[in-house]
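Every chain is numbered from 1 and lettered A, B, ... according to where its sequence line falls, protein lines coming before strand lines.
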2 protein chains.
Amino acid sequence: MAQRKNSPTIHDIAKALDVTPSTVSRALNNHPRISQTTKEAVWRMASTLNYQHNHLAAALRRGRSSLLGVMVPTINRSFFSSVVRGIEEVANEAGYAVMVCQSHEMQEQEAANVQVLLRTQVDGIIVSVGKGTSDFSHFQQIIDRNTPLVLFDRVPESLPASAVVIDDYRGAYQATRHLIEQGCRRVIHLAGPAHLNIYRDRQRGFEDAHRLHGLPLETSQILPGSLQQDAGHDSITALLEAGEPFDGIFSASDYAAVGAMQALKARGIAIPEAVAIAGFSNEPFTSMIEPGLTTVEQHSRQMGQTTARIFLEQFDHQGDPYVPRRTVLTPELIVRGSSLRQNPR
Amino acid sequence: MAQRKNSPTIHDIAKALDVTPSTVSRALNNHPRISQTTKEAVWRMASTLNYQHNHLAAALRRGRSSLLGVMVPTINRSFFSSVVRGIEEVANEAGYAVMVCQSHEMQEQEAANVQVLLRTQVDGIIVSVGKGTSDFSHFQQIIDRNTPLVLFDRVPESLPASAVVIDDYRGAYQATRHLIEQGCRRVIHLAGPAHLNIYRDRQRGFEDAHRLHGLPLETSQILPGSLQQDAGHDSITALLEAGEPFDGIFSASDYAAVGAMQALKARGIAIPEAVAIAGFSNEPFTSMIEPGLTTVEQHSRQMGQTTARIFLEQFDHQGDPYVPRRTVLTPELIVRGSSLRQNPR
DNA sequence: CTGAAAGCGCTTACAG
DNA sequence: CTGAAAGCGCTTACAG
């Protein structure tokens, strides 16, 4: 079995200095009513003994852990890892350690992770929900426990919690309008699962861009799918094999857009001349491929920072009647070679 | 201030059932010497009261937190996020929650994170060191505290800790040999900081491939750098501007390789005909770009799983005299269009 | 099979 | 400016 970790405690420091643990604790926490001499003696002794503060014990006593839980569908997306980075920056600054975990898009894993985070007594939880989640009761449990919950990007509307999102509708609208301005007359939309706000909003933006430009739109132009790279590839390949005509693609994901590009290239279809294409998220690879993929920047790092700040506010006002708020960031269209035609219209 | 979280405790369950906290605790932990009837009553009451086990308190009492700390340079690399995924799989299975943090390649942040992890009383720490780290005393501190430490991929040799790596030498050797077999006679190596084992080994593999194939090698063929995308771009651009001749590139990083490819393309140099190129890591984008980038697969997920298993072993044998071990995984060369010539030699 | 009691390492009102 | 004492919520040898 695990052997006792003979780490020195506050008690050891106290004994060595012939003061009480109370004094040592106060000195370590830089309490104002402890003399400078005592503080320095304690600090020196702590360093000599290689004292390591037991955060667990302090957390138990204080009723707060200074741990912030973050759950994302996967860290293996530039979007999510950038958001995490933004959260870290603000949280660390405020004295929080961040505990990151992944749902891998599965509801079961998501619910299990919520249990882990709550049991670990995190002071708050930040979440972007997985594609596989349709029942949100595990989040309700967080709220019931009075633990601050902040959502970002993928946000279930039914939950009374604050959220930070970008204006997906607007990003999609702009991307689609851009394709139309480049001369596209029949644009395909690679859409995501409609139970997620972001994909619903992107589809609405796509639709409204057509409406407001007086362009007809058939439901067959909208292809829902997993938005993975292979799904994009397969959807477009099927379309081409069926002989369906189209001259533009707006994908709700950069990954599916790349798959689509590969399907087009495999048949020698010119991008952007024959088919112009735009994605969503500005993943780093979008500027590595050729032609560069037109996409929508989501300001992920800033989104993380904002989310963390809202958690901090909410934590400080815990107990007060809290009115959930929604923060909407503005997306930015990044135009690259995949959609930019020589002679638009 | 934060308000008391009125969560029910073991004591509440005990009172409601008219038994003692001891019994409730045992029932919840499924202790063998508690009657089935009592257990079921406790479980039912726990569920009725919506009891949430306080992991912090249990951890404090038991002297173990069931938390595993993982520190990587950045989660924003497919390699690292896959390793983390592998660690998670094994650790969760064994009842551990994983706490991920990033050093962002900076020694200071790395040392600070070690403090956070130790204070949080994690049961073990898994690390891949940052590029900016030259002083390893913060890791020594982990060992001194008797907390299991396992390293992977980027491993300081001076530390008496177990490590999991791939055979970087072999991967580099194979990639370079492949380039030579494709007819390259003067290969450039985009190298990484020599204080990191992986880059030293990759360079050795590069060198030995030349030696064993009787090909001359000048020191000017080795270009050390940050291995970021723009660094690769700039190094190769400078070489071209200087009129240096070369017909192959072996980059110690996929990112730098992409930068190099962009530099070549910008000047209309044919890949792989004029210059063949290979990278390292098999990042997903290597199969998205054109031509596909030849690279070395590192079996990252398996690396994570292995690392986690070694932690578990080490934790179980804590206190025993532990002999650090080194596990070396075999890399795999992935040949793609960036290096495959029609008529080799 | 269950209970009484001590204690994990810290913090903090209450005194002085 | 410092101390004595209680307690955060749990677990676990020791009894019976």
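- Residue contacts for A:Ser25: at a heavy-atom cut-off of 4.0 Å it reaches a base atom on one of the strands shown.
- Across all strands shown, A:Thr23 has heavy atoms under 4.0 Å from sugar-phosphate atoms exclusively, and none from any base.
- Comparing D:dA5 with D:dC1, their P atoms are spaced 24 Å from each other, to the whole Å.
- Using a 3.5 Å distance cut-off with no hydrogens or angles, the side chains of A:Gln109 and A:Gln102 do not pair a donor with an acceptor.
- Rounding to whole angstrom units, CD1 of residue A:Ile10 and P of C:dG9 are separated by 11 Å.
- Atom C1' of D:dT12 sits at a distance of 16 Å from the matching atom of D:dG16, rounded to the whole Å.
- The phosphate of D:dC8 (OP1 or OP2) has no side-chain N or O of B:Asn54 nearer than 4.0 angstrom.
- No contact: B:His55 has no heavy atom under 4.0 Å from any strand.
- Nearest-nucleotide positions on DNA chain D place B:Gln52 closer to the 5' end than the other of B:Arg33 and B:Gln52.
- When distances run from any side-chain atom of A:Tyr51 to the nucleotides C:dC10, C:dC8, D:dC10, the shortest one goes to C:dC10.
- The phosphate of D:dT11 has neither OP1 nor OP2 within less than 4.0 Å of any side-chain N or O from B:Ser22.
- Side-chain atoms of A:Arg26 come within donor-acceptor range of the base of D:dG3, with a qualifying N/O pair under 3.5 Å.
- Summarising the geometry, the separation between NE2 on A:His31 and C1' on D:dT2 is reported as 11 Å, rounded to the nearest angstrom.
- With a cut-off of 3.5 Å on both pairing distances, the Watson-Crick or G-U wobble partner of C:dG16 is D:dC1.
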